[in-house]
Q: 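Please see the structure below; I have some questions.
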2 protein chains.
Amino acid sequence: MHEGQTLSIGRLARASGLGVETLRYYERRGLLAPAGRTASGYRQYRPEAVRRLRFIRRAQALGFSLDEIRELLALAEVPDGDAGRVKAITQEKIADIERRIRDLARMKASLETLAERCPGHGPTAQCPILDALAGEDDA
Amino acid sequence: MHEGQTLSIGRLARASGLGVETLRYYERRGLLAPAGRTASGYRQYRPEAVRRLRFIRRAQALGFSLDEIRELLALAEVPDGDAGRVKAITQEKIADIERRIRDLARMKASLETLAERCPGHGPTAQCPILDALAGEDDA
DNA sequence: CTTGACCCTGTAGTCGGCTACAGGGTGTAG
DNA sequence: CTACACCCTGTAGCCGACTACAGGGTCAAG
């Protein structure tokens, strides 16, 4: 080992800030394959693996799942891949996030309406929040 | 069975729109205990269980977890419970939702910036989205 | 009296993204 | 030569909220 041009899994883990188990997990998920193996079976990574892991980390921060990131990485690997596909994936993700924001905003609005009507003291018997949850009327 | 005042688990499932397995799951999670059992061990529910399940469904729609709903139900059960606690739980949930909305809004803004800069056609070699994910610069 | 719908318990699987072993083999410093 | 850190595979656990059996017992209709 330690042959200059390759990294062991432990070194790559330290270089990327991830755990060894996580790197092996990414390999199982098809996100990061080692460049090769030593005679004794140790994984060998090229220094570029650090970039690939940074790609994964950033894409995760943008809300992409590992499956989506796998597709993005595949597109990034071939220089003549379809940039339109990348944009399409990105816009699907934007739409997905917008849906989630709308759902959360609706929840928040309902909760705020309930919280406003609640005095915040006294017995639960007259609590409008619990009344609303338990009530007969549809909602 | 079928004694007018009680419901079997299957009847309660149909009355509430939930599955039988879900009701047994709620029981394990401490959200819904049957009023009793028949001699042969069948669960017997009172008609009020339908209201309780509606409470659970609505609380879920507002973003509460089953653990939180268990606490809300416990507060609703004793008429002299602390309404302030109910309001506090509600406001924690509002804050939690606000955090999630902010996180999603940040993701969305980043994705939109990237999507704008992307022509949406041509090879991935000049795709600003992939460049941004792979690049050296922090982000 | 049989059929079929219902009920019981207990366990295991699903999703996503890890994380933690157990039980081995390997590589290197002192 | 012996520690000790590192590596390997394979499996199992975690979170939350279900969902799906397997392998039984029960109940009502015909």
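So you know, we letter chains A, B, ... as the sequences are listed, proteins then strands, and number each from 1.
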Q: If I take atom CZ in residue A:Arg57 and atom P in nucleotide C:dC18, what distance separates them, rounded to the nearest angstrom?
A: 12 Å
Q: Indicate whether OP1 or OP2 belonging to D:dC8 is found under 4.0 Å from a side-chain N or O atom of A:Gln44.
A: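 No, no such contact exists.
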Q: Atom CG of A:Leu75 and atom CD1 of A:Ile89: how far apart are they, to the nearest 0.5 Å?
A: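 Spacing of CG (A:Leu75) from CD1 (A:Ile89) equals 5.5 Å.
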Q: In whole Å, what is the span from the OH atom of B:Tyr45 to the C1' atom of C:dC8?
A: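 Roughly 12 Å, once rounded to whole Å.
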Q: Would you jot down, in residue-number order, the residues of residues 21-37 of chain B having a non-hydrogen atom under 4.0 Å from DNA chain C?
A: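 Residues of residues 21-37 of chain B under 4.0 Å from DNA chain C: B:Arg24, B:Arg37.
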Q: Closest-nucleotide mapping onto DNA chain C: is A:Gly19 or B:Val20 further toward the 5' terminus? I mean the 5' end.
A: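 Its nearest nucleotide being more 5', the pick is B:Val20.
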Q: Nearest to the side chain of B:Arg14 - C:dC6, D:dC6, D:dC7?
A: C:dC6
Q: Quick one: is D:dC27 close enough that its OP1 or OP2 comes under 4.0 Å of any side-chain N or O from B:Ser40?
A: yes
Q: Before giving the answer on salt bridge (Lys or Arg N to Asp or Glu O under 4.0 Å), spell out for A:Glu27 and A:Arg52 the whole-Å C-alpha distance, their side-chain angles and the decisive distance to 0.1 Å.
A: CA-CA 12 Å; A:Glu27 183 177 349; A:Arg52 197 173 174 92; over 6 Å; no
Q: To the nearest 0.5 Å, tell me how far A:Leu32 CG sits from A:Ile56 CD1.
A: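 If we round to the nearest 0.5 Å, A:Leu32:CG and A:Ile56:CD1 are 6.0 Å apart.
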Q: Who passes salt bridge (charged side-chain N to carboxylate O under 4.0 Å, His left out) against A:Glu48, sequence neighbours left out?
A: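 Partners of A:Glu48 by the salt bridge (charged side-chain N to carboxylate O under 4.0 Å, His left out) criterion, ordered by chain and then number, come out as A:Arg46.
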Q: Please report, rounded to the nearest Å, how far the P atom of C:dC6 is from the CG atom of B:Leu7.
A: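 Rounded to the whole Å, the gap is 15 Å.
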Q: With respect to the phosphate group of C:dG16, does any side-chain polar atom (N or O) of A:Ser65 fall under 4.0 Å of OP1 or OP2?
A: no
Q: Looking at CZ of B:Arg51 and CG of A:Leu133, how far apart are the two atoms once the value is rounded to the nearest 0.5 Å?
A: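 The distance works out to 11.0 Å.
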Q: Between B:Asp103 and B:Arg99, does at least one N-O distance fall below 4.0 Å, as a salt bridge requires?
A: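 Salt bridge between B:Asp103 and B:Arg99, a charged N being under 4.0 Å from a carboxylate O: no.
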Q: In degrees rounded to 10°, what angle is found between the helical axes fit to the five outermost pairs at each end of the helix from C:dC1-D:dG30 to C:dG30-D:dC1?
A: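 Inter-axis angle at the termini of the helix from C:dC1-D:dG30 to C:dG30-D:dC1: 30°.
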Q: Of all the nucleotides listed (D:dT9, C:dC8, D:dA17), which has the minimum atom distance to the side chain of A:Arg43?
A: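 So the nucleotide nearest the side chain must be D:dT9.
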Q: About how many Å separate NZ of A:Lys93 and CG of A:Leu62, when rounded to the nearest 0.5 Å?
A: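 One gets 10.0 Å once the value is rounded to the nearest 0.5 Å.
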Q: Expressed as a whole number of angstroms, how long is the span from A:Ile9:CD1 to C:dT19:C1'?
A: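 In whole Å, C:dT19 C1' lies 14 Å from A:Ile9 CD1.
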Q: If you round to the nearest 0.5 Å, how far is CG of B:Leu12 from OG1 of B:Thr22?
A: 11.0 Å
Q: For residues B:Leu114 and B:Ala132, report the shortest heavy-atom separation together with the two atoms involved.
A: CD2-CB, 3.5 Å
Q: Whole Å only: how far is the CD atom of B:Gln60 from the P atom of D:dA17?
A: 7 Å
Q: To the nearest Å, give me how far apart CG (A:Leu12) and P (D:dC8) are.
A: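 Result: 11 Å.
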Q: Which whole-number value in Å describes the distance from A:Tyr42 OH to C:dG25 P?
A: 12 Å
